[in-house]
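Quick notes on the structure that follows.
Below, chains carry the letters A, B, ... as their sequence lines are ordered, and counting in each starts from 1.
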Amino acid sequence: PPVPEAARVGFAPHTAADLQAMLAAVGKASLDELFAHIPAALRLSAPLALPTGGSEEEVLARLGELAARNDTDAVCFAGGGAYDHYVPAVVGAVVSRGELLTAYTPYQPEASQGMLQALFEYQTVISELTGLPVSNASLYDGASAVAEAVSMAASATGRDDAAVSGALDLPTRRVLRTYAQPLGRRVLETGYDPGSGQTPVAELDDAVAAVVLAQPNALGIVEDVRAHARAAHAAGALLIVKLEPTAVGLLATPGGQGADIVVGEGQPLGQGLQYGGPSFGFLACTDAHVRRLPGRLVGQTVDGRGARGYVMTLRPREQDIRREKATSNICTNQTLCALAGLVYLAWLGPQGLTELARSCLARARHAAGVLTAVDGVALAADGPFVKEFPLRLDVPDPHAAVAALQRQGWLVGPVVPDGPAAGAVLVATTERRTRLQVEGLAEALARVVKEVR
Amino acid sequence: PPVPEAARVGFAPHTAADLQAMLAAVGKASLDELFAHIPAALRLSAPLALPTGGSEEEVLARLGELAARNDTDAVCFAGGGAYDHYVPAVVGAVVSRGELLTAYTPYQPEASQGMLQALFEYQTVISELTGLPVSNASLYDGASAVAEAVSMAASATGRDDAAVSGALDLPTRRVLRTYAQPLGRRVLETGYDPGSGQTPVAELDDAVAAVVLAQPNALGIVEDVRAHARAAHAAGALLIVKLEPTAVGLLATPGGQGADIVVGEGQPLGQGLQYGGPSFGFLACTDAHVRRLPGRLVGQTVDGRGARGYVMTLRPREQDIRREKATSNICTNQTLCALAGLVYLAWLGPQGLTELARSCLARARHAAGVLTAVDGVALAADGPFVKEFPLRLDVPDPHAAVAALQRQGWLVGPVVPDGPAAGAVLVATTERRTRLQVEGLAEALARVVKEVR
Amino acid sequence: MPVMGDRRAPEPRLFERSRPGRRASSLPALDVPDVDPTQALPGVELAHAPPALPEVSELELLRHFTRLSHRNHGIDVGLYPLGSCSMKYNPRLAEAAAALPGLRNLHPWAPDEAAQGMLELLAHLERWLLELTGLHAVTFQPAAGAHGELTGLMLIRAYHEDHGGPRRTIIVPDSAHGTNPASAAMCGYEVVTVPSGGDGLVDADALDDLVDEQTAGLMLTNPNTLGLFEVEIERLSAALRRVGALLYYDGANFNAILGRVRPGTMGFDVVHLNCHKTFATPHGGGGPGAGPVLVSERLAPYLPAPVVAREPDGTYRWDHDRPRSIGRVHGFHGNAVVLVRAYSYLLFHGADGLADVSSRAVLNANYVAAGIADVLPLAYPQHQPMHEFVSTGKDLKRHGLRVADLCKRLIDYGFHPPTNYFPLIVDEALMVEPTETEARETLDDFVAALRSIVAEAGTDPDLLHAAPTTTPVARLDEAKAARELVLRWRPGDL
Amino acid sequence: MPVMGDRRAPEPRLFERSRPGRRASSLPALDVPDVDPTQALPGVELAHAPPALPEVSELELLRHFTRLSHRNHGIDVGLYPLGSCSMKYNPRLAEAAAALPGLRNLHPWAPDEAAQGMLELLAHLERWLLELTGLHAVTFQPAAGAHGELTGLMLIRAYHEDHGGPRRTIIVPDSAHGTNPASAAMCGYEVVTVPSGGDGLVDADALDDLVDEQTAGLMLTNPNTLGLFEVEIERLSAALRRVGALLYYDGANFNAILGRVRPGTMGFDVVHLNCHKTFATPHGGGGPGAGPVLVSERLAPYLPAPVVAREPDGTYRWDHDRPRSIGRVHGFHGNAVVLVRAYSYLLFHGADGLADVSSRAVLNANYVAAGIADVLPLAYPQHQPMHEFVSTGKDLKRHGLRVADLCKRLIDYGFHPPTNYFPLIVDEALMVEPTETEARETLDDFVAALRSIVAEAGTDPDLLHAAPTTTPVARLDEAKAARELVLRWRPGDL
Ligand SMILES: Cc1ncc(COP(=O)(O)O)c(C=O)c1O
Ligand SMILES: Cc1ncc(COP(=O)(O)O)c(C=O)c1O
């Protein structure tokens, strides 16, 4: 007998005998008969214009070819919300555990205590990082978390406008606008100081539900959160801060400085780069807003015997119960990524987090010094920075310069898209970036600035 | 405070407080005091001339540099006992399970039923592959398995000599000699037919404990096991066959053909290349020899309640009980690799194993055709082959040719080290080697043969 | 649970294991001058103390989560017949694909030149998804189904705004999943509910009456959440077209018709697919997923920006020049590496293999339905269910029991319970979706367990009341959890 | 165990799940002409039918082994204080290192040019091991400790053969591990046993009497298997040198003196190290390990071939030109990728870190010993134990109990039992090695459990007789297993 053409059984276990017996049991003569009640006009007549399947080996070979067409060898000084922090091996060891990887939302708490307790622990570490008492169990990403936070603020204040710092990263501002537009909410942009790169405290009218800014901001500059909190509260508005989480290894927590809602992008916390996803968004708030929280929330309780256990709680906020009255439509979130974040933070520990932030700071300062010593290269803002900073390159097209650097093995960016610093190139130094690499980048930068200008 | 110099705590969890309290509990003033009773002359005075430790990130970066200095991109047509078969992802998913990865020999069966049952299943599949009723729970590798098998034969027959085919791979013959020498056992080599590459049935005297040959042999040629079994038994000797396990997807099992002991190298069974280790050696035999088996053996039994369970059995054979009277000194074996082999074989299934062997056969035949069409290239043996075959290259130094091919992205070999086919280059085609790759190798071969001759 | 010891022994919170100064992490040595934050950051408010993260060794860390994993059920452990969730086998092939360094280590803002492999992959995936759905263009930004719904509704809204105003209402069946109305509300729409008829399908006459010039669109799953195919879909879509309204397809149930019926053919303008359902990307305990949204030609201009574009020279780039785009719904490019997993699933199955998926999914559901029909009758037996079915456990009330009790008892039989109390229109709903990757013997065991529990309900109802008794914790007090709101660990908590 | 359901439910053998025609595998399509084996292989005896391997789906396959894993204890799950085995944390760093494609995908017969990274790695590892042991040269071929023993003894034999004949005997302490005498026998030596003195150390006077011109060598672990350091080692080695015999160091207990005492300094000529013990490579349920053998200068010529050599130009190669080599003990290069893991362990710790390992290992062992000394006294209290200690449970006999009963009861407390009944010279031996990676609290819990069990032995011995009761199976009938010898599954078996 010839070799059966590349056996692709998919993952269905049905043998010929199974099919026969099961079809008999459901009173059908064929599999097609299970679809016979669907109007013929709707059923596919011609086969799909798609290739036939392949073996695991062939599929992986194909994906390997594609992967090889990405340049991931360039040394990564890129930032803009995603950073090349090291992900310890223990993170993968945990999130690859099948009982966690292949579970779903813990609707049956007795069979899901593992993930529920992990999420309770996740909520605790996010509460610690943000300086706020209540965290949900994750959102899609940092940008949508900002949009959800603004909705919370609107419902809390009965107001509609958001006063958003121009130094909040543009993709996040875009997402916020996209979410706000259908609801007729206004997104007002306040500029930032061209010199320091910091967001000035703006005048707020009584239509403003929330002030929104990033810590550090999209230029890498540290904002004065306390001052903004004071001003926002004075105007009856809430302060929402989008936090780069590793920064609190050095900086005071935004919650501790008066922010009402603190959100952020979890990528720096044990996620890897992954082209930006999957990762997770976190959201924490004061007790006052707990019932306005979007998404899952895990609470501690006891069982019939008084033993401690965990359940999803305040479910009435959620869409599957309140439907159109829900605080949000979010259902599936980013649980496994949140778990990875928890494992990473527990791996770091308080001391590790401080060292990490201190290490990034020292490297950023050193890199800024070395790189601005290249002529044609200057800081684009002189405010305080801790891991990431904007460089003004004396070139006609910074995008061309970034591309040239990448071809030479150095990844920087993104290019600041708008505002006073528009055209500046962001450079970020994680704990992995060595002195040698900084010197290499400096040389490449010198070449490129010469060439391109 | 300065950043604590690269925190390397190792993996010991002791805090300063722990050390203090624990030292107090054991009545010591310092850790050094725990070593104080060791003669001072023996204790290290100077620090070791070794680098200080590094962080996980630094260690992995360093190993990444070393790994990058190996060429693993060359297309692998190499054989000689290690083959580039595809290892499905599910194998890694199983052997990375911490409960299995971080366990040890199942001395406490009640807490080790998982691994014990897996080994019982492993023994079953090895029994199926070899065509013999009894398999142990793995040995170090295929070569030492041959040596252990010869010891079994010696004790079974009370004879000392082994008649070994010259077409048994040289490393295995070396290991056999190395094991035999201290015991004063003789290893007699029988040549093989220069034309067919097959081992002729030799005259055996009554000092011969075992005839040893490989199926297929070191040239890739299929041997007539049944004839050798007949001859061996007629002379009161046992037949030991070193089996390339994927071959039984096509060939009759050596056990079925009369072999008394069948051993082999497990590398082709879901192990990956790994520079040859870790992998596993398998050993199976007839019931007559079960009490002479080296290594662990898992047996089925029942517990106090009559429930089925598994234990290590016939322990008295083993060194930790019989000590110098043991059948072997083996203690730690290659359990996790054997488990990977089991998972791989269960993934293949009987149909998959047949397809695999058929696929290798078709590709080997095709490759032999295409490659021998290159002038200066001919088959070095005309016996039947199924996956691997020897090529005679018309070049002064075949090793130089192999090196040249590797530099061009084609891995072949090893070079046959001795015997009539000495200097021939082995080529193996697994299910992964495509027609295009074969054509590429043919072109490279043509170039190289021209250059080098 | 651990192989030995007391299965009820609680696992301490990681924080309880903390010891000051203990740690797992190691960081690269500082090879540049250290700086004093107080000097480097003048006027910046620094942390007095670091956040109180756990202080544990790496072994304790790994052990803690290994033990937690032992307190969790997943597909890898056993059947997980959660209706509406397609809990099928998550191939490890996909995990191997996601682990390829060239994909895993790609920075989201890498120049397009440096991301050609990923862009090509997305372009190919787009081709697959368009062919499978019969639609015209895609956005990969949505991170999950509900995110896709919101995005799709925004597209519908943007379209209407360009054609005389956004309109006011979105029609949603009473059997719809909660995310549908919730998404509509988040998109500024009033939700109008269309009732299901006595046969479990959308009441077409009622829909005719509801549809008007203010109707922006209708959201539908087909098969619907009862697992029934809306055979009158053409009439429903015609009713909406009549007033210029659009049709939204909720892809949660796409597994039922994969490779056999295309939403585009049914008249849908917007579709979201659920990669973590139909294409078997791991659910991860509640995520991550991916919810790509596919649209017809007329909606394409409004898609979130950027979209993948192919240059004449065969290279790929992100096209940001989308003047009519609604904007963005994700801060990066969506869950890219989840999409990689989905693509590996498609490549593996191929066109033919995907049709096998749906047929076997439907077979498995009908096989289980047939096995329990007499004891747990279908809520709407008039139509044959597709990949899932909804039974009613209302007869349990005779014994003072509810379907929740049956589910908890199922746990003691070693089976994860199906979805229950959804859809809301079914009294004591039990929604079963076995998926195509379950073997017949497993389904037989599951049927036997359900039948035996229904029998116990009559003979020994307390078995159900008391269940589960084999889990680390018994039934939990949800009221107390909501009343007392303990949402994080605090020092001193035990 | 699974999170729910009956923990005693057996897991069927994979073969019982088989269904004809079911499969998990998929193979690349054949892109060359198919051939008919009967024609391609004339006169070759082909298989009538394929071997009866399991026929299961990939999900069933993964589920089966996931469930089996739930029936197994490992370090990742909890304490594993198996004396003589150094069951310490297996860092996942090592697994990441082993997964590097450049190491994982290297063919053993790749030309040296193509393996420069691996050869350099082995050369560096050699430097580390030589410095740690104070010896001169290494072979990486041995796959485990016992393999190293055999190799080392072959080296000793080869040396003697070159110096007047192989000699006849190897001396082994009565406390030695069984592999020592077994290896000596496999190497053609007669085993002479030297008794331990009343203090648990080798009786130096007895040794003096045993040593003669026929003595090839002495095998020793130091600290010995009682966990006691042989403080008279210099006298012992002098006694052997006097007759030209050699000293073999069994590295199983090297964790006790890592970075503090070097076997070379103690006069040992041959050392095997146990990478799966001292250097934390995973034990894998019984292997793989790695047992590199280190030797003094005079034994170097006899090492198995090939050995790693460094060229003047800085490149590396395998040196096969070893005329006095004993030959080979492995078919390839030994367990190379286990050695990679060990190297990652060394790089991570560094010289300083390794000394911390041994000191904390010794501290942990002494801490536990102190915690139970009054209830489970040390077998040889005259000397302070090192990284492990041996207690005697002989007092349990008063209650008709044995140390085995205590161990089984320990299982019900959730702890894996220590090694027992070894070394043989101790009545009711309990051999405890906590290792350095265990936290104080864990040790406290372990001590508390042992104390409570000893108390139970007096008050309620049946608790110990009946144990374990919390495992999937109770105590197993080993006699029946040996009597009936069911060593594989057979069709029809249930
Ligand atoms: C019918 C239906 N629609 C929408 C959703 C929402 O999808 P997701 O959870 O991916 O946001 C679900 C998921 O449970 C669903 O079952
Ligand atoms: C003291 C001692 N010597 C030798 C060995 C044998 O080592 P391996 O099991 O690696 O062969 C062991 C392992 O248990 C041991 O404890």
| field | Spacing of CG belonging to C:L27 relative to CD belonging to A:E431, to within rounding of 0.5 Å | value | 6.5 Å
So does [Y] get a backbone contact from the side chain of [X], meaning a donor-acceptor N/O pair under 3.5 Å?
{"X": "C:T265", "Y": "A:L42", "result": "no"}
{"X": "A:Q117", "Y": "C:E11", "result": "yes"}
{"X": "A:N70", "Y": "C:L106", "result": "no"}
{"X": "C:W109", "Y": "A:G80", "result": "yes"}
{"X": "C:D352", "Y": "A:T52", "result": "no"}
{"X": "A:D303", "Y": "C:L476", "result": "no"}
{"X": "A:Q123", "Y": "C:L487", "result": "yes"}
{"X": "C:R23", "Y": "A:G349", "result": "no"}
{"X": "A:N329", "Y": "C:T179", "result": "no"}
{"X": "C:S25", "Y": "A:L348", "result": "yes"}

Going by an N to O cut-off under 4.0 Å, is there a salt bridge joining [X] and [Y]?
{"X": "A:D32", "Y": "C:R260", "result": "yes"}
{"X": "C:R13", "Y": "A:E121", "result": "no"}
{"X": "C:R475", "Y": "A:E110", "result": "no"}
{"X": "A:D18", "Y": "C:R440", "result": "yes"}
{"X": "A:R69", "Y": "C:E113", "result": "no"}

Is there a donor in the side chain of [X] and an acceptor in the side chain of [Y], or the other way round, less than 3.5 Å apart?
{"X": "A:S127", "Y": "C:R488", "result": "yes"}
{"X": "A:T72", "Y": "C:N105", "result": "no"}
{"X": "C:N364", "Y": "A:H14", "result": "yes"}
{"X": "A:Q257", "Y": "C:E45", "result": "yes"}
{"X": "A:Q274", "Y": "C:N335", "result": "no"}

Shortest non-hydrogen separation from [X] to [Y] and the atoms involved:
{"X": "C:V231", "Y": "A:P39", "answer": "O-CG, 3.5 Å"}
{"X": "C:V473", "Y": "A:R308", "answer": "CG1-O, 3.5 Å"}
{"X": "A:T301", "Y": "C:D477", "answer": "OG1-O, 2.6 Å"}

Can you tell me which portion of [X] sits under 4.5 Å from chain C's heavy atoms? Options are side chain, backbone, both or neither.
{"X": "A:V311", "answer": "side chain"}
{"X": "A:L411", "answer": "side chain"}
{"X": "A:R226", "answer": "side chain"}
{"X": "A:P51", "answer": "both"}
{"X": "A:S138", "answer": "neither"}
{"X": "A:A49", "answer": "both"}
{"X": "A:Q113", "answer": "both"}
{"X": "A:E65", "answer": "neither"}
{"X": "A:R305", "answer": "side chain"}
{"X": "A:R365", "answer": "side chain"}
{"X": "A:V248", "answer": "both"}
{"X": "A:Y310", "answer": "both"}
{"X": "A:L339", "answer": "side chain"}
{"X": "A:D141", "answer": "side chain"}

| message | C:F332 vs A:E265, test: side-chain contact (heavy atoms from CB on, under 4.5 Å). Steps then yes/no. | response | CA-CA 10 Å; C:F332 298 114; A:E265 169 57 50; 3.8 Å; yes
With side chains defined as the heavy atoms from C-beta onward, is the minimum distance between [X] and [Y] less than 4.5 Å?
{"X": "A:F11", "Y": "C:H349", "result": "yes"}
{"X": "C:R262", "Y": "A:L48", "result": "yes"}
{"X": "A:L31", "Y": "C:R360", "result": "yes"}
{"X": "C:F65", "Y": "A:R97", "result": "no"}
{"X": "A:L101", "Y": "C:N90", "result": "no"}
{"X": "A:L34", "Y": "C:Q384", "result": "yes"}
{"X": "A:S112", "Y": "C:H73", "result": "no"}
{"X": "A:L353", "Y": "C:P51", "result": "yes"}

| message | Using the ring pair (Phe, Tyr, Trp, His ring centres under 6.0 Å) criterion, which residues pair with A:Y104? Sequence neighbours excluded. | response | C:H283
I'd like to verify something: which residue of [options] has the highest number of heavy-atom pairs under 4.5 Å with chain C?
{"options": "A:L314, A:L60, A:V302", "answer": "A:V302"}
{"options": "A:I330, A:V94, A:V290, A:V225", "answer": "A:V94"}
{"options": "A:Y107, A:F280, A:Y179, A:F35", "answer": "A:F35"}
{"options": "A:D71, A:L336, A:T124", "answer": "A:T124"}
{"options": "A:P109, A:P171, A:A143", "answer": "A:P171"}
{"options": "A:A111, A:A41, A:P278", "answer": "A:P278"}

| said: If you apply the rule side-chain contact (heavy atoms from CB on, under 4.5 Å), what do you find for A:S144 with C:V329, and how did you get there? | reply: CA-CA 7 Å; A:S144 62; C:V329 296; over 6 Å; no
Specify which of [options] makes the most heavy-atom pairs with chain A at under 4.5 Å.
{"options": "C:A96, C:G287, C:A40", "result": "C:G287"}
{"options": "C:A182, C:G286, C:G74, C:G102", "result": "C:G286"}
{"options": "C:H333, C:M118, C:E55, C:H107", "result": "C:H107"}
{"options": "C:R22, C:R127, C:K408, C:H383", "result": "C:K408"}
{"options": "C:Q116, C:M186, C:R104, C:E484", "result": "C:M186"}
{"options": "C:P50, C:P10, C:A47, C:G327", "result": "C:A47"}

